[in-house]
Amino acid sequence: MPNGKLDVISFCGSLRKGSYNGMVQRALPALAPEDMSITPAPPFAEFPLYNADIQNSTGFPPLVNTLAEAIRAADGVIFVTPEYNFTIPGGLKNALDWVSRLPNQPFAGKPIALQSASPGPVGGARVQYDMRKAMAFLDAFVLNKPEVFVGNCVAKFDEKTGELTDQATRDFIKQQLASFAKFIEHVRVKS
Ligand SMILES: Cc1cc2nc3c(=O)[nH]c(=O)nc-3n(C[C@H](O)[C@H](O)[C@H](O)COP(=O)(O)O)c2cc1C
């Protein structure tokens with residue numbers, strides 16, 4: 001909590017440059033309450049596919065440790081992710097699998113907020129329930145509501161700049177981030 005602000009990190013579950021979820025992720029700092037700073041988590045795109053043989057021979061890759069340290073140091077974590085085949089995109093799931101095997105597992109006790117964007121009408125709702133399952137196993141605490149599903153997302157961004165222009169979506173996200181700030185304090189007091 002440097003400078004008295006809640007220090008939150010964000011993950012984007014999509015690896016592609018033009019990602020709509022990446023556009024949502026980049027909109028977050030401007031929508032956060034005054035007492036919260038939101039910065040991107042260290043990258044996970046170059047993690048090898050999880051294989052216990054790697055862990056048991058050469059150990060955890062340095063990038064995995066870097067990500068785990070950032071999660072441990074954060075007051076909260078926000079995932080902004082697409083839904084792939086009704087579930088968690090492989091790259092993101094691989095990152096979760098790697099950090100989940102570390103001693104002092106970094107998600108334990110961590111406040112989490114979930115967001116998803118999709119060109120489809122359901123806005124990636126189903127991936128969020130699978131994220132909730134994975135986070136339950138990892139002993140994280142996931143904010144229940146408000147939920148953020150950015151459905152039919154293509155029309156909600158400026159196609160040239162990638163800025164999130166849809167006011168209703170900006171307002172939903174603002175409300176979620178304000179609730180998340182309270183939730184982080186609640187988790188802190190209770191634990
Ligand atoms: C492998 C794959 C599976 C997908 N499955 C779903 C799905 O289950 N539900 C959905 O709403 N969109 C699905 N889509 C479409 C994505 O929502 C769309 O490609 C979206 O733009 C990906 O997010 P991004 O823009 O952040 O990269 C899928 C796309 C890919 C590449």
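First listed ligand is number 1; within each ligand, the first listed atom is number 1. As a basis for the values below, the full set of heavy atoms in this structure was taken, side chains included, without hydrogen atoms, waters or symmetry mates.
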Step-by-step salt bridge (Lys or Arg N to Asp or Glu O under 4.0 Å) determination, Asp130 to Lys133: CA-CA 5 Å; Asp130 282 2; Lys133 276 199 304 190; 3.8 Å; yes

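At least one side-chain heavy atom of Ile54 sits under 4.5 Å from a side-chain heavy atom of Trp98. The closest side-chain heavy-atom distance from Arg126 to Val122 is below 4.5 Å. In this structure, Phe141 and Ile112 have side chains that are not in contact, with every pair of non-hydrogen atoms separated by 4.5 Å or more.
Set against the non-hydrogen atoms of Pro82, the atoms of ligand 1 under 4.0 Å away are 22 (C), 23 (O). Atoms of ligand 1 lying under 4.0 Å from at least one heavy atom of Arg16, given by number and element, are 21 (O), 24 (P), 25 (O), 27 (O). The distance from ligand 1 to the heavy atoms of Asn21 drops below 4.0 Å at these ligand atoms: 23 (O), 24 (P), 26 (O). Numbered from 1 in the order shown, with element, the atoms of ligand 1 that lie under 4.0 Å from a heavy atom of Ser118 read 10 (C), 11 (O), 12 (N), 17 (O). For ligand 1, the atoms closer than 4.0 angstrom to any heavy atom of Ser14 are 24 (P), 26 (O), 27 (O). Counting atoms of ligand 1 from 1 in the listed order, those under 4.0 Å from a heavy atom of Glu83 are 4 (C), 5 (N), 6 (C), 7 (C), 8 (O), 9 (N), 10 (C), 11 (O), 12 (N), 13 (C), 14 (N), 28 (C).
Taking the six-membered ring where tryptophan is involved, the planes of Phe79 and Phe107 are tilted, since the angle between them lies from 30° to 60°.
The closest approach between Asn85 and ligand 1 falls below 4.0 Å for a heavy atom of the residue. By the 4.0 Å heavy-atom criterion, Gly120 is excluded from the residues contacting ligand 1.
For the residue pair Ala117 and Val24, the shortest heavy atom distance occurs at CB-CG2, 4.2 Å. Between Gly13 and Thr81 the shortest heavy-atom distance is CA-OG1, 3.5 Å. The minimum heavy-atom distance between Val148 and Gln128, with the atom names listed, is O-NE2, 2.9 Å.
Counting only non-hydrogen atoms, the option in Pro119, Cys12, Gly123 that gets closest to atom 20 (C) of ligand 1 is Pro119.
Backbone and side-chain nitrogen or oxygen atoms of Arg126 are examined, and none is located within less than 3.5 angstrom of a nitrogen or oxygen of ligand 1. Looking at ligand 1, you won't find any N or O of Tyr84 less than 3.5 Å from one of its N or O atoms.
Checked by atom type, the side-chain pair Gln55/Asn51 shows no donor-acceptor distance below 3.5 Å.
Contacts with ligand 1 closer than 4.0 Å are made by heavy atoms of both the backbone and the side chain of Ser19.
Put simply, the side chain of Ser118 never gets that close to the backbone of Gly123: no donor and acceptor are under 3.5 Å apart.
In this structure, atom 14 (N) of ligand 1 has a protein heavy-atom contact shorter than 4.0 Å. Proximity of atom 4 (C) of ligand 1 to the protein is indicated by at least one non-hydrogen atom lying closer than 4.0 angstrom.
Among all protein heavy atoms, the one lying closest to atom 8 (O) of ligand 1 is Phe86 N, 2.8 Å.
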